[in-house]
Structure formats: structure tokens, C-alpha cells
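First the structure, in the form of C-alpha cells, and then the observations on it.
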Amino acid sequence: MHSISTIMKEAYKLHTVIPSFNIPHIPIMTPVVNALKEKDAFGLIAVARLEWMKFNSKSLEVIAEEYAECGDEHVTSLHLDHIPVIDEDQLRVDYMDDIARAVGAGYKSVMIDGSRLNLRENITCVKEVVDYAYGFSIPVEAELGAVIGHESGHEMDYEELFRTGKGFTDTAEAKTFSEESGVDWLSVAVGSVHGAITGAAVNQKKVSAILNIDKLTDLDRELGIPLVLHGGSGIGLTYLKQSFGHGIAKLNIGTDIRQVFEKGATVKDGQDNVYKRMLEIVDELQIAGTASKLNG
Ligand code: 13P
């Protein structure tokens, strides 16, 4: 077994991707792990703060307990997703407390999301987390730019967003950010959007996002660290596959498996739906066999 840091670097080098599956409902975890085992595919099991605040994952500790029951270190690693400095309701978060609790609960990697701050403040917060996590050999992910969608009541004209590139990660800023913060993996905004977490859109099909591969190529060339794509559900497959050749080594997927789970008439039905969808996702991403390849 390798550390998640080593596994991610290897995925980056080999131009393959590690999907990270969000768990907004606890029973989703078992079929996700089982499908990864079935396909010998490596993936992360992740929970974001908003999933215990707005959905049903209860707490980061409850997710860690469930992971201890069904996780499998050959095919999975436990990741703490989006701990915002300012949350989707514009409230300040005690992010160091969440990060420290996650480290204590056995999470192997963490994300600090300072994307609602200005560049300087974002660097300061990320550096604080990097300095802390370094002592536990835990890699840190951060976000620069605005992968929109989590904000409630958000009105979005996707074509306009993509055309103007509003909120997309700036390459020069990203270089400064990466050098000064020491971040291990960077979430970049190049066209993807997060699935909705409130309102009617929670149950609707997501917009089919596309990616600015030229921008991604520039970011990859300048940064040389594993890049992360959030809002992974519903991105066009041709774009996705190109992105793996240009720095994207981690792909966050939430809405896709949440919606098929919620369609189940019973929990068991929902779990069967997740298992089936997971097998398709593994095939679409062409990652069968990556567990043995990346994790020995
Ligand atoms: P989707 O829900 O759009 O797949 O995004 C998930 C995500 O980015 C979690 O961080």
C-alpha cells in the first residue's frame, strides 16, 4: 500500500484519474466501495462539510466509522472534501477545528476551500492548514478560482459563464498561490460547475459542462502538481478524457450517484442503483485495474 500522496502523483504522471465520490447519504458508501473492488479501480471516499450540514451524512466522524466498516485500503482512501473558510451561506467557519478532527478520525487527505477569499487571504489560510497537516504527512487540496453552483439561489447562464470565463483560475495567480501556500493538489475552475445543494435543481439533471482545455494546459505547464476537477457529474466525456492528459488527476463526483440513490424506492434499491451507476462510471473513465497499478 502506498500513501495517497504517492498514489496521486503516480496518477498525475500516468495521465489517469482518481475519482473522489461524495457521500451525502451514508448507505451510498458500501455500493461505491463494492463497485471499485469489483473493477479493481482506485477511488476516494469523500465527505464535504455541506453534506453533514445540508444532507444526511451526519458528521465527519460518522463517515469515518462507516468507512472503517466497509472501506478497503487497496481500492479506497478517505478524503475530507470542502471545508470552507466562508461557507455557502456566507458564514465564517472554524475550519481548523474540522481539519484537526478529520486528522484525528483517520482521514488521509483534506481540502481547505478559501475560494471565497481574496488571493492573499486564501494563501494565508491554506498555508496554515498545510503547515499543520505536514506534521501528519497529510496532503492538502485547495481551490483557486470559483467553481460555482453551491451558493443557494444561484442564477446561472452556463453559456455566458463559459464564454466570459468569469471566475476561471488565473494562471499567474495560481503559480503564486501554489508556490507560497505549498498546496499539494489544486482545484481549478476551467468550466465545471458544482451540482445544486438546495432548491428545485437538487433533483434535476445538471447542465452538461464543457472544459477550457487550453487554459488547463497552461495551468498544468506552470504548476506541475496534480490538479482537481470539482463538479464532475455531467461533464462531457470527451472533455473529461482530454483533461486527464493535462493535469487533472482527481475528479469529484457527487450529484450523479446521489440522484440515482435518491430515486430508489427503498435504501436497498438506491444502493443497487448506485452500484450499477458506479460500474458504468468506472468504464466511462477507463480506470478498471488502477488500484493494482497505482497502489501495488
Ligand atoms: P458534483 O455534485 O457536481 O458531481 O460535484 C461534486 C463535487 O465537486 C464535490 O466537491
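Counting starts at 1 for both ligands and their atoms, following the listed order.
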- Task: Could you tell me whether Asp218 and Lys215 have a side-chain N and a carboxylate O separated by less than 4.0 Å?
- Result: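 No salt bridge links Asp218 with Lys215.
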- So does Lys175 pair up with Glu179, basic N to acidic O under 4.0 Å?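 So Lys175 pairs with Glu179 through a salt bridge.
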Residue [X] vicinity, atoms of ligand 1 by number, heavy atom under 4.0 Å:
{"X": "Asn22", "result": "9 (C)"}
{"X": "His230", "result": "8 (O), 10 (O)"}
{"X": "Thr255", "result": "1 (P), 2 (O), 3 (O), 4 (O)"}
{"X": "His82", "result": "10 (O)"}
{"X": "Asp81", "result": "9 (C), 10 (O)"}
{"X": "His194", "result": "3 (O), 7 (C), 8 (O)"}
{"X": "Ile253", "result": "4 (O)"}

- Message: Is there a continuous path of hydrophobic side-chain contacts, each under 4.5 Å between heavy atoms, that joins Met111 to Val85?
- Response: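 Different clusters.
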- Who passes salt bridge (Lys or Arg N to Asp or Glu O under 4.0 Å) against Glu159, sequence neighbours left out?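 Counting only residues at least two positions away or on another chain, Glu159 forms no salt bridge (Lys or Arg N to Asp or Glu O under 4.0 Å).
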With a 4.0 Å cut-off on heavy atoms, is [X] in contact with ligand 1?
{"X": "Gly232", "answer": "yes"}
{"X": "Asp256", "answer": "no"}
{"X": "Lys206", "answer": "yes"}

- Step-by-step salt bridge (charged side-chain N to carboxylate O under 4.0 Å, His left out) determination, Lys54 to Asp89: CA-CA 11 Å; Lys54 311 236 169 190; Asp89 299 321; 2.7 Å; yes
- Query: Could you state the interatomic distance from CG (Asp94) to CD1 (Ile99), rounded to the nearest 0.5 Å?
  - Reply: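 Taking CG in Asp94 and CD1 in Ile99, the distance rounds to 10.5 Å.
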- Query: So which bit of Asn252 gets within less than 4.0 Å of ligand 1, heavy atoms only: side chain, backbone, both or neither?
  - Reply: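 Asn252 to ligand 1: contacts from backbone and side chain alike.
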- Considering only heavy atoms, does Arg258 approach ligand 1 within less than 4.0 Å through its side chain, its backbone, both, or neither?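 Neither; no heavy atom under 4.0 Å.
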- Item | Intermediate values then yes/no, side chain to side chain donor-acceptor pair (under 3.5 Å), His230 and Asn252 | CA-CA 5 Å; His230 282 240; Asn252 287 17; 3.2 Å; yes
- Message: Would Glu180 and Arg120 count as a salt bridge (charged side-chain N to carboxylate O under 4.0 Å, His left out) here? Give the steps.
- Response: CA-CA 10 Å; Glu180 294 189 16; Arg120 278 287 130 216; 2.8 Å; yes
- Task: Any salt bridge (Lys or Arg N to Asp or Glu O under 4.0 Å) involving residues 248-275? Give me the pairs, sequence neighbours left out, ordered by first then second residue.
- Result: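 Residue pairs with at least one partner in residues 248-275: Glu141-Lys250, Asp256-Arg277, Arg258-Glu262, Lys268-Asp272.
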- Message: For ligand 1, which is the ligand I care about here, please tell me if Gly195 has any N or O atom under 3.5 Å from one of the ligand's N or O atoms.
- Response: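 Yes, there is a polar N/O contact under 3.5 Å.
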